[in-house]
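Just below is one structure, and these are the notes that go with it.
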Protein chains: 2
Amino acid sequence: MQIGELARQTGCEVETIRYYEREGLLPAPARSASGYRRYEPGHVEQLNFIRHCRSLGMSLADIRQLADYHRHPAPEPCDRVNALIDDQIRRVHSQIETLQQLERQLLALRGRCHSPHTLADCGILKTLEDASSGEPCACHPPATGKKIAG
Amino acid sequence: MQIGELARQTGCEVETIRYYEREGLLPAPARSASGYRRYEPGHVEQLNFIRHCRSLGMSLADIRQLADYHRHPAPEPCDRVNALIDDQIRRVHSQIETLQQLERQLLALRGRCHSPHTLADCGILKTLEDASSGEPCACHPPATGKKIAG
DNA sequence: GCACACCCTGTAGCTACTATAGGGTCAAGC
DNA sequence: GCTTGACCCTATAGTAGCTACAGGGTGTGC
Ligand SMILES: [Zn+2]
Ligand SMILES: [Zn+2]
Ligand SMILES: [Zn+2]
Ligand SMILES: [Zn+2]
């Protein structure tokens with residue numbers, strides 16, 4: 001099949017398929033006399049594997065590793081597969097916590113402006129301005145017991 | 001003061017300061033005879049403003065807008081400031097939800113491998129492989145609720 | 001006259017694509 | 001044979017927000 005058909009079957013853009021080939025994630029297929037890529041059914045599965053892992057937020061480097069383990073299922077223990085997934089879980093979890101803190105900070109900042117008023121009087125702009133001069137702000141409250149050096 | 005001193009006072013890298021200047025976020029300062037940038041105290045505040053907004057996850061485009069409102073505090077209502085912050089909150093919130101779903105999916109996948117075994121027998125690799133062939137997987141259940149489309 | 005810290009510009013790298021520009025191939029229809 | 005249109009090719013540049021050089025110039029102390 002041609003690249004367009006592979007794209008259709010996997011829901012992956014043609015450009016992305018070529019990109020994966022350049023990056024060494026998808027093996028280069030045979031070529032027709034005129035240079036068109038000719039894919040086999042196995043390529044559909046390999047590309048699905050990549051897209052499935054991507055949908056789990058894995059990096060291309062991690063997917064390369066996983067695909068390698070998959071292609072060469074050695075009789076070794078699967079520790080490294082587990083470690084890879086565990087690392088990904090930790091990364092995602094810490095991103096969640098970072099974003100949750102960010103959300104709290106943004107809500108605190110947003111709380112400084114309620115009633116309609118002008119730009120010159122806006123509590124949000126005033127908070128940002130004061131914080132630029134080193135004053136404490138609603139969004140970044142000082143840590144417990146410790147004062148922010150300034 | 002020179003750029004290194006500004007960097008020290010704001011905790012911002014020298015390269016980043018030059019980058020902000022190129023991007024039009026920080027006004028270009030005066031230059032010494034030998035071409036060194038010479039910053040005024042006002043620059044410290046402006047850079048702090050940028051870094052403070054960055055720490056809230058705002059994009060440079062949004063910060064440019066905010067800084068503009070801040071420098072020209074017109075007697076207009078502050079609707080657009082609020083809209084900007086609200087958009088940011090929405091973005092952060094939807095990122096959190098996306099990542100939380102990702103975490104659930106990764107934990108489900110991780111649950112396919114418990115006891116020590118080989119790569120050839122690993123439930124994680126097997127799940128990923130089966131999903132590549134179109135079979136249902138632990139990480140992407142067919143429907144969120146009880147109802148299954150049919 | 002030299003060491004060393006600091007400064008300058010310009011460019012390339014990072015992630016995972018996406019979007020062109022500028023061309024070649026192939027089947028159908030006239 | 002010729003044209004149209006869908007498809008394919010490579011190569012390059014762009015996205016966000018920095019970061020890291022390379023290759024040079026400047027300023028001060030000894
Ligand atoms: Zn307001
Ligand atoms: Zn704050
Ligand atoms: Zn396992
Ligand atoms: Zn899945």
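Remember, it's a predicted structure, so these values are computed and weren't measured experimentally. Lettering of chains follows the sequences in order, A, B, ..., and the numbering in each one begins at 1.
Nucleotides of DNA chain C that come within less than 4.0 Å of any heavy atom of chain B span, from the 5' end to the 3' end, C/dC6 to C/dT9.
At least one donor-acceptor pair under 3.5 Å links the side chain of A/His117 to the backbone N or O of A/Ser115. With A/Gln88 contributing its side chain and A/Leu56 its backbone, the two residues share a donor-acceptor pair below 3.5 Å. In this structure a side-chain-to-backbone donor-acceptor pair under 3.5 Å is missing from A/Arg90 to A/His93. For the pair A/Arg54 (side chain) and A/Met58 (backbone), a donor-acceptor distance under 3.5 Å is present.
Every residue meeting the side chain to side chain contact (heavy atoms under 4.5 Å, CB included) condition with A/Ala61, not counting sequence neighbours, appears here in chain and number order: A/Ser59. Taking A/Arg112 as the reference, nothing meets the side-chain hydrogen bond (donor to acceptor under 3.5 Å, both in side chains) condition, with sequence neighbours excluded. Listed by chain and number, the residues in a ring pair (Phe, Tyr, Trp, His ring centres under 6.0 Å) with B/Tyr39 are B/His43 (sequence neighbours excluded). Considering only residues two or more places apart in sequence or on other chains, A/Gln105 meets the side-chain hydrogen bond (donor to acceptor under 3.5 Å, both in side chains) condition with none of them. Every residue two or more places apart in sequence or in another chain was checked for a side-chain hydrogen bond (donor to acceptor under 3.5 Å, both in side chains) with B/Thr98, and none qualifies. For A/Arg8, the side-chain hydrogen bond (donor to acceptor under 3.5 Å, both in side chains) partners at least two apart in sequence or on another chain are A/Glu5.
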*How would nucleotides 22-29 of chain D be written as a contact map, 5' to 3', with B for base contact, S for sugar-phosphate-only contact and - for no contact, using protein heavy atoms under 4.0 Å?*
---BBS--
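Aromatic ring orientation, B/Phe49 versus B/His70: parallel (interplanar angle below 30°, classes split at 30° and 60°).
Each end of the helix from C/dG1-D/dC30 to C/dC30-D/dG1 yields a helix axis from five base pairs, and these two axes differ in direction by 40° (to the nearest 10 degrees).
With hydrophobic clusters built from ILVMFWY side chains whose heavy atoms lie under 4.5 angstrom apart, A/Tyr36 does not share a cluster with A/Leu6.
Rounding to whole angstrom units, CD of residue B/Gln95 and C1' of D/dA16 are separated by 13 Å.
Of the residues in residues 37-61 of chain B, those lying under 4.0 Å from DNA chain D by heavy-atom distance are B/Arg51, B/Arg54, B/Ser59, B/Leu60. Residues of residues 13-29 of chain A having a heavy atom closer than 4.0 Å to DNA chain C, listed by number: A/Glu13, A/Glu15, A/Thr16, A/Tyr19, A/Tyr20.
Residue pairs satisfying the side chain to side chain donor-acceptor pair (under 3.5 Å) criterion with at least one member in residues 19-34 of chain A, sequence neighbours excluded, are listed as follows: A/Tyr20-A/Arg51, A/Glu21-A/Arg37, A/Ser32-A/Ser34.
For A/His52 and B/Ser132, the side-chain atoms include no donor-acceptor pair closer than 3.5 Å.
One finds no salt bridge joining A/Asp86 and A/Arg91 here, because no Lys/Arg side-chain nitrogen approaches an Asp/Glu carboxylate oxygen to under 4.0 Å.
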